[in-house]
Amino acid sequence: MTSPDRPGYAEHMDMRGLSAAAAPAFAQQALLTCAKDLPKPVDQLDVLDLGSGYGFTAAELASVCRSAVGMEPTAELHSESLALLADHPNLQFVHAGTEGLDAVEEYDLIVLDNVYEHLPNQADALRRIHRALRPGGVLYLLMPNRLWPREVHYGLPFLSWLPLPAANRYLRWSGRGEDYTDASYARTYPTMRRALAKHDWDWRFTLPADPTATHLGTPLHYRVGMAVIRKVPAAWAISKSFMVVAKKR
């Protein structure tokens, strides 16, 4: 059973095991993809991992950066992450969501890895992230495309295409959950572009710097999709996910 403040999809997968296995690749991918934009060498970076979950990615970042902070709103996950502090004196965990991000120009890199689609007030989150970055600081954002046919959290075809009341009925009918609200805030390519354009940073949709730096390796459909996007950037609109790098001016 999951705790009341954990989402329903956590009942259908080993979130802790998946997070632990993926963390080295996730941390490496964020640093590699942002490398040419980072304002400092990696070992001098102060990093914030928003929606840090069990804390494994934040711990990986702490192992190579000057400092890392993980911010997680779910009490159970935050509590479990504290066990990682013993091995990383430059690591800190905060029990809060993005609405608790009040920092001003404290971070060189902020990681938002598969978290944006869980944020109901995305405009406020981006404003707080922009404020928390130092000049020249970088946001690394990865999120699923709302228009991808197979919803990534529950694995149900077209779930993310539906209005929330219909999505909830579909989810209950499937037996995989009761309420889709938590994961329902994914965006499309045009709406994501409009959201990013409201802030004073240079941003771009980008492909991963090292396609092999994932816990899945590089399956054929990844390679085909990336090749298509390289030739036709408009294909971002139908990609499985969006990877964005935004550098604060």
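Side-chain atoms are counted along with the backbone in the values below, which use heavy atoms only and exclude waters and symmetry mates. Computed from a predicted structure; not experimentally measured.
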Where the side chain of Thr191 meets the backbone of Thr188, is there a donor-acceptor pair that is under 3.5 Å apart?
-> yes
Main-chain N/O of Arg146 paired with Ser160 side-chain donor or acceptor, under 3.5 Å = yes
Aromatic ring proximity, centroids under 6.0 angstrom, Tyr116 and Tyr185 | no
Check: Cys65 main-chain N/O paired with Asn90 side-chain donor or acceptor under 3.5 Å = yes
Without swapping roles, check the side chain of His118 against the backbone of Asp182 for a donor-acceptor pair under 3.5 Å.
-> yes
Could you walk me through whether Leu45 and Leu38 pass the side-chain contact (heavy atoms from CB on, under 4.5 Å) check?
-> CA-CA 9 Å; Leu45 295 175; Leu38 293 173; 3.8 Å; yes
Report yes if some heavy atom in the side chain of Pro157 is under 4.5 Å from a heavy atom in the side chain of Glu151; otherwise report no.
-> no
Treating Ile, Leu, Val, Met, Phe, Trp and Tyr as nodes and any side-chain heavy-atom pair under 4.5 angstrom as an edge, say whether Tyr140 and Leu50 lie in one connected cluster.
-> no
Shortest non-hydrogen contact between Ala59 and His88, atoms and distance | O-CE1, 3.5 Å
When you look at Asp102 and Arg131, which way does the side-chain contact (heavy atoms from CB on, under 4.5 Å) test go after all the steps?
-> CA-CA 8 Å; Asp102 295 323; Arg131 183 181 63 188; 3.8 Å; yes
Nearest-0.5 Å distance that lies between atom CG in Leu171 and atom NE2 in His153 = 12.0 Å
Side-chain heavy atoms under 4.5 angstrom apart, residues restricted to Ile, Leu, Val, Met, Phe, Trp, Tyr: same cluster for Leu109 and Val115?
-> no
Min side-chain heavy-atom separation Met71-His95 under 4.5 Å | no
Where does the angle between the aromatic ring planes of Phe93 and His78 fall among parallel (under 30°), tilted (30 to 60°) and perpendicular (over 60°)?
-> perpendicular
Less than 4.5 Å apart, any side-chain heavy atom of Lys240 and any of Asn145?
-> no
Apply side-chain contact (heavy atoms from CB on, under 4.5 Å) to Ile238 and Val228, showing your working.
-> CA-CA 11 Å; Ile238 56 171; Val228 170; over 6 Å; no
Parallel, tilted or perpendicular: rings of Tyr189 and Phe242 (30°, 60°) | tilted
Please name the residue in the list Val138, Val42, Thr206, Val111 that meets the side-chain contact (heavy atoms from CB on, under 4.5 Å) test with Cys34.
-> Val138
At what distance, to the nearest 0.5 angstrom, does CG of Leu142 lie from CG of Asp113?
-> 5.0 Å
State, yes or no, whether a side-chain contact exists between Met192 and Leu141 at a heavy-atom distance under 4.5 Å.
-> yes
Side-chain contact, heavy-atom cut-off 4.5 Å: Leu156 with Arg176?
-> yes
Please report the C-alpha distance between Glu76 and Thr74 in whole Å, then the side-chain angles of each, then the deciding distance to 0.1 Å, and finally whether the side-chain hydrogen bond (donor to acceptor under 3.5 Å, both in side chains) criterion is met.
-> CA-CA 6 Å; Glu76 181 183 344; Thr74 304; over 6 Å; no
Does any N or O in the side chain of Trp161 come within less than 3.5 Å of the main-chain N or O of Leu147, such that one atom is a donor and the other an acceptor?
-> yes
Does a side-chain N-to-carboxylate-O contact under 4.0 Å join Asp202 and Lys248?
-> no
Is there a donor-acceptor pair closer than 3.5 Å between any side-chain N or O of Arg128 and the backbone N or O of Leu101?
-> yes
Can you tell me how far the CD1 atom of Ile110 sits from the CD1 atom of Ile129, to the nearest 0.5 Å?
-> 5.5 Å
Same cluster for Tyr170 and Trp148 if Ile/Leu/Val/Met/Phe/Trp/Tyr side chains link at under 4.5 Å?
-> no
Would you say Arg127 and His199 make side-chain contact, with heavy atoms under 4.5 Å?
-> yes
Where does the angle between the aromatic ring planes of Phe205 and Trp203 fall among parallel (under 30°), tilted (30 to 60°) and perpendicular (over 60°)?
-> perpendicular
Is there side-chain contact between Ser81 and Glu72, with at least one heavy-atom pair below 4.5 Å?
-> no
Is there a donor-acceptor pair under 3.5 Å between the side chain of Gln29 and the backbone N or O of Ala209?
-> yes
Tell me whether Tyr107 is reachable from Val245 by hopping between hydrophobic residues (I, L, V, M, F, W, Y) whose side-chain heavy atoms are closer than 4.5 Å.
-> no
Taking NZ, NE, NH1 and NH2 as the nitrogens, is one of them in Asp37 or Lys247 under 4.0 Å from a carboxylate oxygen of the other?
-> no
For Arg172, does the CZ atom sit with more than 12 other heavy atoms under 6.0 Å from it, leaving out its own atoms?
-> yes
Full working for side-chain hydrogen bond (donor to acceptor under 3.5 Å, both in side chains) between Thr181 and Ser184 = CA-CA 5 Å; Thr181 304; Ser184 69; 5.3 Å; no
Measure the shortest side-chain to side-chain distance between Val244 and Leu139 over non-hydrogen atoms and say whether it is less than 4.5 angstrom.
-> no
Using the side-chain contact (heavy atoms from CB on, under 4.5 Å) rule, take Tyr180 and Leu159 through it: C-alpha gap first, then chi angles, then the decisive distance, then the call.
-> CA-CA 9 Å; Tyr180 183 53; Leu159 177 64; 3.5 Å; yes
